[in-house]
Amino acid sequence: MVVEAGRRSSPQSADALATLCEIYWFPLYAYVRRQGQSTDDAQDLTQGFFAHLLDKQTLRAADRERGHFRSFLLASLKHFLAKQWRRDAAQKRGGGRAPIALDFDDGETRYRIEPSHESTPEKLFERQWALTLLARALATLRSEFEASGKAARFASLKMYLGGEKSRVPYRELAGQLETSEGAVKVAIHRMRRRYRAILREEIRHTVDAAEDVDDELRRLFDAVTP
Amino acid sequence: MMTSPRNCPQCDTELPADAPDGVCPKCLVQQGFDSQTATADEAHGSIGSTSGPGFRAPSPDELSGRFPQFDIIELVGQGGMGAVYKARQPTLDRFVALKILPPEVGEDPAFAERFKREARALAMLSHTSIVTVYDFGEADGLYYFVMEFVDGTNLRQTIAQGGLTPPEALAIVPQICDALQAAHDEGVVHRDIKPENVLIDKRGRVKITDFGLAKLLGADTDDTAIGKPFTLTGTRQVMGTAHYMAPEQIQSSSSVDHRTDIYSLGVVFYEMLTGELPIGRFEPPSSKVQIDVRLDDVVLRSLASEPDRRYQHASDVKTEVETIVNDDPGRRQPVPNTPDLRPSVRDRLKAPAVGLVVAKCGRRAGHAGHPAVLPPHFRGRARRPLDSNADVQRDRGDQPGPWDRAGARCRQDVRPAVVSHRGGRERGRHAPIRPWRRHQPAVWYLGAGRAVDGRGAGGVCQGIRTGAHVTQRCAVRTRAGIG
């Protein structure tokens with residue numbers, strides 16, 4: 001998707017970029033807020049940044065060798081913020097383009113329930129990025145379960161997504177689900193495998209090459225490690 | 001009312017409030033790594049959407065037609081690199097391991113030549129800790145190896161079944177080193193050292209298998225001699241050893257040499273000691289298990305991102321490990337943060353070579369009991385020699401991740417080290433350690449050495465930016481506030 005968003009100037013590229021922005025705007029918003037901007041200004045700036053990105057096709061101009069969409073986006077945002085004279089740019093921002101749909105109310109709520117961080121805005125950005133990505137992968141997984149009518153099963157199995165250990169032993173879980181312990185193990189195993197595929201696919205959208213996925217995973221791991 | 005923080009049952013870290021779906025984000029990310037996938041039983045068929053052509057291991061019956069010279073008993077394992085069967089060779093009345101490679105490799109016309117060349121090199125390897133290759137060849141388009149059958153388990157299974165004690169791990173590492181050194185001497189690089197490839201027989205002897213197979217199958221190369229689809233999709237995905245790959249191996253296979261194996265060995269070593277992979281910012285092993293702190297150096301040096309900073313020979317790793325293991329236990333350094341090391345440190349202070357100790361400052365302790373090396377206005381308790389840590393710091397440069405964690409640990413018990421005016425001596429070599437001012441003691445920090453961290457020591461410290469050399473790194477200037 002990044003490749004699509006960046007390489008060509010086409011309707012698809014604009015769409016692809018807009019999609020990526022809609023997914024990953026919150027980490028950027030959190031970054032701006034963390035920089036000390038008020039709610040309104042931060043919303044304005046985030047929106048303005050995306051408009052700028054879509055307008056100027058910065059993405060296309062970017063050196064695609066840089067690989068990681070995440071770092072590219074953050075670098076662009078920093079650049080944008082540094083350049084931005086908020087007041088006089090406010091009117092020009094967007095250039096008549098309809099702003100893309102970002103749910104700022106939700107964003108502010110999320111920002112507020114964020115624990116107060118000691119960390120730098122960059123660290124916060126990366127962490128939020130990772131969490132957004134994970135939440136998205138989980139949501140996709142959940143919707144797949146729901147589509148096959150197994151929403152309840154997902155709810156009971158998801159705690160095993162992180163690994164084997166859990167507070168509820170398999171046997172107990174098998175009792176709850178009225179199935180055998182072996183079947184539970186298989187189900188968990190399949191779910192985990194599917195989750196892994198989804199997560200990697202999701203990351204694959206934000207990096208240039210398939211080989212970079214592991215590298216990006218390592219960075220995400222860093223980002224979520226307290 | 002305070003509820004106790006909920007911890008992740010996997011990694012035992014506190015579950016953050018914003019954990020997606022209440023699942024620990026750290027573990028969720030960890031699940032994304034391919035090596036999680038690469039257990040034998042799931043490598044066949046497609047693994048999610050990213051996997052390439054699947055490899056289904058033929059049943060023993062299916063194979064028996066192709067290998068009339070063997071009685072194929074059972075499938076003992078399979079992965080992206082092929083499948084292994086236990087077989088009996090009636091003529092010699094022995095068990096052998098028959099390894100067949102994925103059939104796709106045969107699609108590449110250049111493979112046959114390559115296979116022959118590489119297999120010959122592998123068959124030349126003869127060492128007690130290397131699985132012997134008896135024979136190799138092609139049967140109806142299926143490439144195979146006949147190898148020594150190791151009756152036992154692999155290190156992955158051993159770790160999974162409750163792990164290893166540090167002494168066990170320390171007994172295994174030298175054997176791996178021996179095997180690697182023997183192979184390296186023959187010019188063979190393993191390229192895929194991981195717990196799955198370290199077999200342990202029933203008598204506890206280590207046998208390394210699959211030497212050079214990664215190269216043969218092009219799993220870590222961009223060699224165009226190998227069928228591209230196979231290289232880029234199938235193998236790469238199911239191999240799942242990215243965790244064990246050295247940075248240069250991930251970046252480009254052309255720079256891979258024997259030191260790549262030393263990195264992978266470091267990963268395995270770390271995993272054996274701690275049960276975890278050294279991913280991201282990781283703690284030195286001694287902060288997780290009760291081991292000699294000097295082993296941290298060995299592990300971390302093996303894990304240096306630049307090959308030049310690693311051990312240059314597998315035998316060096318063995319020597320270091322054995323030196324530490326065989327060292328008089330009385331002089332062994334316990335884990336950090338043990339309360340009072342004064343007697344042992346004092347011992348070391350009397351040793352002529354050590355001009356460098358770490359003193360805990362900002363704490364008023366009796367002056368009389370202090371080692372003579374300390375300047376009189378330094379009052380504090382000597383903690384531990386810096387020399388082992390100095391190495392740690394020296395290697396820090398290009399690996400900010402792990403080292404930051406090391407730094408964080410040290411910051412908890414931030415302790416400036418006193419440097420005598422004559423400079424320190426480190427590992428028998430004069431280190432150009434100079435106090436900033438003649439009459440003011442220079443203070444070293446173990447760790448990231450940022451100035452702000454210095455406040456905990458009770459002194460007012462001005463930090464300096466860390467430089468390229470350990471001698472500059474982490475030094476801070478102090479004022480009389482210390483002691």
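Every heavy atom of this structure was used, including side-chain atoms; hydrogens, water molecules and symmetry mates were not. Proteins come first, then strands; the chains are lettered A, B, ... in the order of their sequence lines, and each starts at number 1. Here the structure is a predicted model, which means the values were calculated and not measured.
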Does a salt bridge link A/E201 with A/R194, judged by any charged N lying under 4.0 Å from a carboxylate O? no
Using side-chain hydrogen bond (donor to acceptor under 3.5 Å, both in side chains) as the criterion, list what pairs up with A/K78, not counting sequence neighbours. A/E122
Chi angles and distances behind the side-chain hydrogen bond (donor to acceptor under 3.5 Å, both in side chains) call for A/Q128, A/Y29: CA-CA 10 Å; A/Q128 284 308 325; A/Y29 175 70; over 6 Å; no
Given heavy-atom pairs under 4.5 angstrom as the criterion, report whether the side chain, backbone, both or neither of A/R142 touches chain B. side chain
Using non-hydrogen atoms and a 4.5 Å limit, figure out which bit of A/A130 sits close to chain B: side chain, backbone, both or neither. neither
Can you tell me which of B/I279, B/V23, B/L28 forms the most heavy-atom pairs within a distance under 4.5 Å of chain A? B/L28
Winner by heavy-atom pair count (cut-off under 4.5 Å) against chain B, out of A/L199, A/L133, A/L134: A/L134
Answer yes when A/R70 and A/E126 have at least one side-chain N-carboxylate O distance shorter than 4.0 Å, and no when they do not. yes
